[in-house]
Each structure stands twice: as C-alpha cells, then as structure tokens.
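The structure appears below as structure tokens.
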Amino acid sequence: MLIASWNINGIKARIDGLTAWLQERNPDIACLQEIKSQDETFPKKVIEDLGYHVETHGQKGFNGVALLSKEKPESVRRGLPGDESDEQARYIEGLWQTDSGPLRVASIYLPNGNPLGTAKFEYKLAWMDRLERHAEALLAHEERLILAGDYNVIPQPKDVHDPAAWLNDALFQPESRGNLRRLVHLGFADALRMTDDRAELYTFWDYQAGAWQKNNGIRIDHLLLSPEAQIVLRSVGIDKQVRSWEKPSDHVPILAELGG
DNA sequence: ATGGTCGTAAGACGA
C-alpha cells in the first residue's frame, strides 16, 4: 500500500506532470494540496482515466486539497472541524476498508502564516489547535491513520538549508514548531524520521533566487503516522527528481509504503 | 537591505 502527498501548486499548470508521476509511481492513495481550483473545474476525467477515484475540496483561486485513490473511499470528510466560519479549503479526509482493516488518510494544507504579527499567523496557530483536537479524536479509533500534507512548518534546524534566513518566517517560529511537536506527541510519528535522520532532506525549494540549484530547501511536507500505521511502515521516500522536471511545482512528493 | 518567481485568472493576491 503506497501512500503519497504532493503540494502541486495549481492543478491546471501541473496536470501533465501529475499524470506522468501517477503512471510512474502508481500510488494507491495520493493526497494533493494547493489544487487552486474549484471542484467544478478540477480536471477529474484525465485522472479517472488512469484508474483513480477523485475527491476534491476546492475553492476559487487559492488553497484546495484532493484525494486520489485506486479504491473508492467508504466515506469522505471535507473541512477541518472546530470553526464553522472558516471557509478556506485546507482539509479532506477519506476512510477506506481494506483487507487489513480500516485505513484513514487526510490531505492537509496547513496555513502559511506569514507575515508574523498579523491575523494570518494567528489563523495558522488556531488552525493547528483545531487539527490537534481533531487528530486526538481520530487516534481514539486506533486505526491505521495518516495525516499527510504540506504542514508549512520546518520541524528542526536540520530540516532547513539556511536556518538564519527563516528566523523571522512563520514556518520556523517556536510557536509553529511547538504546535507541530504537540500534535506529533499525541502518538504520531514523522514517517521520514522513522527511517532517516540525515539533514538536507527537503521537500520544497523556492522558485526564486536559484534555490533549487543551490539546494536551498526546507522540509515542510510530512506524513504523520498513527501507532497502527507505524508498525506496518516499510519505507519512506522523497521524489526529489520531480523538482527538475519541466514546469515543476515548488514542492516534491513524499511517499510511504505500508505493509499489511 | 532589496528583489527575486510562480499560479490563478484576468488584477491583485498568496506563497
């Protein structure tokens, strides 16, 4: 069972790269973020033609998340609970019944939060509080659960090429990192760190100032695994080469192979 | 210290 997450930064600009990657990698479930599309205009058919079910939670112009899966989910939740007034499309969660029992996967696009000192940073922290509360409720099911997505948080200094450049950025604030750590400590594991503790394992390189060429990257896309998922984890990888494809997203896919 | 580049969707805004 191969589970992937990829912030594609606009489905319309990335549809060719996405379909090529789906055919190359053949994930069972792919979580997408920043589709930047409404549900009605998302190019479902070309993805369905590759054998995937498509569930979107979109909005006009910005944000938007999706779940692509070989098997149709039994149920789908759109939106993160805890604030009925929040209209930003940043969360979609599916539940699948497999031969090994239930599998729940969420595609998460956590708020960026810049600039500091504004309502955007407060929204980020409040959104993380809501995610923590919802994650706590999900853990009580004691299922294989993966919270996958663009967390817009750099967990540790070794997850950023140039830490000093990010000291005043919302992605590297103590409050952001502390909230992520509190979420993980409910009982999750950062899948990549179960298998590889090296520095310079990045998932994002800015389009500007030759960041990719200089390997000036950050690790902000994460797969958080419940205990039931941790014990069947086989491998984790970052599809770094995708960043050098034509018209790339500024993020690359991360993947986890689960047994059982 | 500043500006640098993208995507969406048709002018800013978000990142």
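The analysis underlying the following values was restricted to heavy atoms, covering all of them including side chains, and did not include hydrogens, waters or symmetry mates.
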field: C1' gap between B/dG3 and B/dA15, integer Å
entry: 15 Å
message: Please give the distance between the C1' atoms of B/dC13 and B/dA9 as a whole number of Å.
response: 11 Å
query: Any salt bridge between A/Arg177 and A/Asp159, counting N to O under 4.0 Å?
result: no
query: With a 4.0 Å cut-off, would you call A/Asp49 and A/Lys45 a salt bridge?
result: yes
- line: Exactly one of A/Asp190, A/Asp150, A/Asp196 clears salt bridge (Lys or Arg N to Asp or Glu O under 4.0 Å) with A/Arg219, and that residue is A/Asp190
- prompt: Within this structure, what is the CD-to-C1' distance between A/Glu246 and B/dC6, rounded to whole angstrom?
  reply: 15 Å
Pair A/Glu71-A/His53, side chain to side chain donor-acceptor pair (under 3.5 Å): steps then yes or no: CA-CA 7 Å; A/Glu71 302 295 328; A/His53 291 266; over 6 Å; no
- request: Show your reasoning for whether salt bridge (charged side-chain N to carboxylate O under 4.0 Å, His left out) applies to A/Glu228 and A/Arg144.
  value: CA-CA 5 Å; A/Glu228 293 77 10; A/Arg144 291 175 300 159; over 6 Å; no
- request: Using the C1' atom on both, measure B/dG7 against B/dG11 and round to a whole Å.
  value: 14 Å
message: Among residues 163-174 of chain A, which ones have heavy-atom contacts with DNA chain B below 4.0 Å?
response: none
message: Taking the ring of A/Trp6 and the ring of A/Trp21, is the distance between their centroids below 6.0 Å?
response: yes
message: Rounding to an integer number of angstrom, what distance separates B/dG14 and B/dA10 when you compare their P atoms?
response: 16 Å
task: Could I get the full list of side-chain contact (heavy atoms from CB on, under 4.5 Å) partners for A/Asn26, not counting sequence neighbours?
output: A/Tyr52, A/Lys70
- request: May I ask you to decide whether A/Arg78 forms a salt bridge with A/Glu93, counting only side-chain N to carboxylate O separations under 4.0 Å?
  value: no
- prompt: For every nucleotide of nucleotides 8-15 of chain B, 5' to 3': is a protein heavy atom under 4.0 Å from its base (B), only from its sugar-phosphate (S), or from neither (-)?
  reply: SSS--BBS
